[in-house]
Number of protein chains: 2
Amino acid sequence: MNTKQVAGLTGISVRTLHYYDKIGLLCPGRNDENGYRQYVEADLDLLQQILFFKKCGFSLSKIRALIKSPSFDRKQAFILQRKYLQHEKRRIDTMLATLDKSLKAMKGEYDMAQNEKFKGLDFDNNPYEDEARRLWGDQAVDNSKKHIGSLSDEEKSAVAKGMDDLFCSLAKLRLQDPASDAVQAAMDGMYRYFNQNFGVTYSLQAFAGLGQMYVTDSRFTENIDKYGAGLSEFLAAAMGIYAKNKAK
Amino acid sequence: MNTKQVAGLTGISVRTLHYYDKIGLLCPGRNDENGYRQYVEADLDLLQQILFFKKCGFSLSKIRALIKSPSFDRKQAFILQRKYLQHEKRRIDTMLATLDKSLKAMKGEYDMAQNEKFKGLDFDNNPYEDEARRLWGDQAVDNSKKHIGSLSDEEKSAVAKGMDDLFCSLAKLRLQDPASDAVQAAMDGMYRYFNQNFGVTYSLQAFAGLGQMYVTDSRFTENIDKYGAGLSEFLAAAMGIYAKNKAK
DNA sequence: CTTGACTATAACGCTGCGTGATGGTGTATA
DNA sequence: TATACACCATCACGCAGCGTTATAGTCAAG
């Protein structure tokens, strides 16, 4: 299929498809003769995933990080997205209730508290995040929190210092290819460091899952990106590749 | 209430509230001593409206045009918004169905057509628009279309020319105050022109409603704004004021 | 060989805020 | 009375995700 046909099929504009290609989000093959884009079925499936992730409120760069990761699992993504949509439905119900109450209040049939007027109208928190936490991260996060909690103040600050150093050194690599030897060697160091310092043994899967959380979970993203813009997305890719390679 | 309290109550950031004030969307009174913003209950109700309109996908400038119009009716807005939300719920159901089918297709239990993969994922058309059409405009639009259809080609182009001239002259006024005498005189001309040339007699209410449609309905907005950026929003205000004044 | 319907890239514009920077106010504490 | 500290204010700049021209090459039909 050519660009225009995909546009017609999906409702995404041609311009947008060009843009997605340019930013490395959806890069179809090309016709050898004239260089025109050629979308095959796998491209369409990927586009569908992209659109679902957009619905879940992720930025394009995050989506790219997620779907490019070798540890990306379509089935899991579908399941999380379903949970997100169910959340959304409930939110809409809340908003409908708010609406009906506001109507009644307008007629004087109901006395509405101020905070009631805004139920369901808060735009901030992303339920997809919550679900992803439950699926991938909370045990790991909780465990390490528990472990850290059991340390003395000195030990705590030592660990904190170690993490700081680790992320500083990782940040310097973030413009290189995540699959390169240098980066993968750093990943090996990271994996070992985590296993030594967090009271849990990370399986390779859990390590890759933690990488996914670096982009899906704002608690991580925001802290990590302080060491350098885009670091979390870079790490997600590099950790996924590391887990995949080592699993062999 | 001060700015921070409102922020806490609604989930809207302080920065955003400042911004809304600056662009004339939500301008609370001020404390005389220090110039601080003071939000009263009416402001909160308005903010609620603004948030509902945002959910419906309107831009801030459109929202401003809608709520500032004297013909703005809170109850009608609530009702339209409810319909919009119900639409959204149905769309989510469609997306959920698409999701489940995709899962099945992945397992090989179902053969999915390409276009089926994108059901519910099209972001473009705004259901609020459709509802607003049904409520305010379709009869008027249909009637005038019918009337114009009954004309000869010459007459048609004469009407088209007249409309073109009319909007050109209106566009020149668009930076003035919609309530000013000059603008209101032009509105009088517009009202008469419409009643003479569209085979329908516009009630003042219908005239104001048409103004609302100029901003809610992209069929109008896009055409009108060709004569000058923001013309549709300006006209919506001016027509609303005209109808209100003349009703007295 | 020209027309019209495609394709391509490149560059500028727009919206809705977030994020400081900088400075005035108000009240509590030393 | 000084000073700290939390809160308010107004700029000014930056960013994502495209829409929108502008400009140019490709291809089949007439």
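Proteins come first, then strands; the chains are lettered A, B, ... in the order of their sequence lines, and each starts at number 1.
- Among the candidates B:Lys75, B:Arg82, B:Arg74, the single residue satisfying the side-chain contact (heavy atoms from CB on, under 4.5 Å) test with B:Phe78 is B:Arg74.
- Here A:Lys68 does not pair with A:Glu233 in a salt bridge; the nearest charged N to carboxylate O distance is not below 4.0 Å.
- Note: CZ (B:Arg30) to C1' (C:dT25) measures 15 Å, nearest angstrom.
- Distance A:Ile63 CD1 to D:dA16 P: 14 Å, rounded to the nearest Å.
- Close to D:dG17, at under 4.0 Å from its OP1 or OP2, lies no side-chain N or O of A:Ser13.
- Tested against B:Phe53 for a side-chain contact (heavy atoms from CB on, under 4.5 Å), the candidates B:Leu60, B:Ile63, B:Thr216 yield a single pass: B:Ile63.
- Among the heavy atoms of the strands lying under 4.0 Å from B:Lys4 are primed sugar atoms or P, OP1, OP2 only; no base atom is included.
- Rounded to whole angstrom, the span from the CD1 atom of A:Ile23 across to the P atom of D:dG17 amounts to 7 Å.
- Residue B:Tyr36 contributes atom OH, which lies 4 Å from atom C1' of D:dC8 at whole-angstrom precision.
- Rounded to whole Å, atom P of C:dC6 lies 9 Å from atom CG of A:Asn2.
- Residue B:Arg64 places none of its side-chain N or O atoms closer than 4.0 Å to OP1 or OP2 of C:dT15.
- Rounded to an integer number of Å, the gap from A:Asp21 CG to C:dT7 P is 14 Å.
- Positionally, the nearest nucleotide of DNA chain D for A:Tyr20 lies more toward the 5' end than for the other of A:Tyr20 and A:Asn34.
- Contact check, A:Arg37 against C:dT7: no side-chain N or O comes under 4.0 Å of OP1 or OP2.
- Considering only side-chain N and O atoms, B:Lys54 lies under 4.0 angstrom from the phosphate OP1 or OP2 of C:dC17.
- A:Leu60 comes within 4.0 angstrom of sugar-phosphate atoms only, judged by non-hydrogen atoms across all strands, and of no base.
- Spacing between atom CD1 of B:Ile50 and atom C1' of C:dC17 amounts to 15 Å, rounded to whole angstrom units.
- At whole-Å resolution of the value, CG in A:Leu51 and P in D:dC18 are 10 Å apart.
- Side chains of A:Val183 and A:Tyr242 form no contact here, defined as non-hydrogen atoms less than 4.5 Å apart.
- A donor-acceptor contact under 3.5 Å links the side chain of B:Arg15 to the base of C:dT19.
- Counting only heavy atoms from C-beta on, B:Thr16 has its side chain closest to C:dG18 among D:dC27, C:dA8, C:dG18.
- No option in A:Asn2, A:Thr10, A:Thr3, A:Leu47 other than A:Thr3 meets the side-chain contact (heavy atoms from CB on, under 4.5 Å) test with A:Tyr39.
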